[in-house]
2 protein chains.
Amino acid sequence: MSTEEISSSLKDCCDVTIIHDDIVSDIQKKQLSLEKGNDLALLFQALSDPTRVRIIYTLIQAEVCVCDLAAILEMSQSSISHQLRNLRALRLVKHRKVGRMVYYSIDDEHVESLMRIGLQHISHM
Amino acid sequence: MSTEEISSSLKDCCDVTIIHDDIVSDIQKKQLSLEKGNDLALLFQALSDPTRVRIIYTLIQAEVCVCDLAAILEMSQSSISHQLRNLRALRLVKHRKVGRMVYYSIDDEHVESLMRIGLQHISHM
DNA sequence: ATTATATATGAATACATGTTCATATGTTTA
DNA sequence: TAAACATATGAACATGTATTCATATATAAT
């Protein structure tokens, strides 16, 4: 494609200029749906907070009750409970009630892989 | 430091009750450092927004310039530039300048793996 | 030179989010 | 039954963040 042809193919779409018409329409066909993009972002968002990262890292090693978790991470029970609620809503952790205590553990086959790859990444920084 | 000393010091400092002294001190030794927890969270945070997810998904497929990216994702150029700035700060993407245009591409060996596993996860939801 | 174009960026705004505090719920112990 | 305990949760507050708008910068075209 010559420079002239590229220039003449310039076109406006939602206030943006398209430089490479063919590439744009080609890649647009292979794009993630908005829904999948949102779902993926929600998954990674679950891991985007230091407290949740440490909760998950702990639960990968063992099933732990809430107050032990709070002790291990040296944070308030309320804060831990709130975060566990988030993780539970995404079905990344599951819980088991024993008397008045509640034991949490990982409920997802992918979380551990994500953590492992993430750790590889930060060790290569 | 004995188990008793650890638990009593935790009780003093953070208002949590420890149920299983031995488990707590055992797991605490294997805990992520605060720094690594923060770094991991920062990495996942980069993927925790739908716009950034879609940017990365696009760049995995091809090197694309800013305005094409804006066209593909149907978002403003400014918004895309701001997000690319974030991703660049984390060294997840790199850029190549050609004239007045700037081409972006993935600059991390782990991002693609994370996306692949993430996609597996959401397809199993 | 002047104008148009591609990208970057600071400021402002609206919205999301993590923690704390107070308290509710359900369970165990005295 | 009463008190202690483990956990959950709503509200409030402070902080973080994504987008838009206006504009700056650098390059290309006329």
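Order of the sequence lines sets the chain letters (A, B, ...), proteins ahead of strands, with each chain counted from 1. For clarity, every value in this text was computed on a predicted model and none was experimentally measured.
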Exercise. Rounded to the nearest 0.5 Å, what's the gap from OH on A/Tyr57 to NZ on B/Lys36? Could you check?
Key: 7.5 Å
Quiz prompt | Residue met sooner reading DNA chain C from 5', once A/Leu42 and B/Ser79 are mapped to nucleotides | solution = B/Ser79
Quiz item: Considering heavy-atom distances to DNA chain D, does B/Lys97 or B/Ser48 have its closest nucleotide positioned more toward the 5' end?
Solution: B/Ser48
Self-check item: Rounded interatomic separation in angstrom, taking CD from A/Gln83 and P from D/dT9
Solution: 14 Å
Quiz prompt | Separation of C/dG18 P from A/Met75 CE (nearest whole Å) | solution = 10 Å
Practice problem: Look at the side chain of B/Gln77 and the base of C/dA8, then say whether one donor and one acceptor between them are separated by less than 3.5 Å. | Solution: yes
Exercise. Measure distances between side-chain N and O atoms of A/Ser78 and base N and O atoms of D/dT9, and say whether any donor-acceptor pair falls under 3.5 Å.
Key: yes
Quiz item: So does A/Gln45 get a side-chain nitrogen or oxygen closer than 4.0 Å to the phosphate oxygens (OP1/OP2) of C/dT17?
Solution: yes
Quiz item: To the nearest Å, how far apart are A/Tyr104 OH and D/dA6 P?
Solution: 15 Å
Self-check item: Spacing of A/Ile80 atom CD1 relative to C/dT19 atom C1', expressed in whole Å
Solution: 11 Å
Exercise. Find which nucleotide of DNA chain C each of A/Thr51 and A/Val98 is nearest to by heavy atoms, and output the residue with the more 5' nucleotide.
Key: A/Thr51
Exercise. Answer with yes or no whether A/Ser76 presents, from its side chain, a donor or acceptor under 3.5 Å of a partner atom in the base of C/dC21.
Key: no
Quiz item: Between A/Asp49 (CG) and D/dT15 (P), how many Å, whole number?
Solution: 16 Å
Self-check item: Separation of C/dA8 P from B/His82 NE2 (nearest whole Å)
Solution: 10 Å
Quiz item: Are OP1 or OP2 of C/dT17 and a side-chain N or O of A/Arg52 less than 4.0 angstrom apart?
Solution: no
Quiz item: Hey, are the side chains of B/Met75 and B/Thr51 touching, using non-hydrogen atoms and a 4.5 Å cut-off?
Solution: yes
Practice problem: Quick one: pull up CD in A/Glu63 and NE2 in A/His95 and give me the separation to the nearest 0.5 Å. | Solution: 11.5 Å
Exercise. Calculate the interatomic distance between B/Met101 atom CE and D/dA28 atom P; express it in whole Å.
Key: 11 Å
Quiz item: At under 4.0 Å, does any side-chain N or O of B/Arg85 touch on OP1 or OP2 of D/dA18?
Solution: no
Exercise. Tell me whether the OP1 or OP2 atom of C/dT29 has a side-chain N or O from A/Arg100 closer than 4.0 Å.
Key: no
Quiz item: What orientation do B/Tyr103 and A/His20 show, parallel under 30°, tilted 30 to 60°, or perpendicular over 60°?
Solution: tilted
Practice problem: Return the orientation label for the A/His121 and B/His110 ring planes: parallel under 30°, perpendicular over 60°, tilted otherwise. | Solution: perpendicular
Exercise. Calculate the interatomic distance between B/Asn86 atom CG and C/dG10 atom C1'; express it in whole Å.
Key: 14 Å
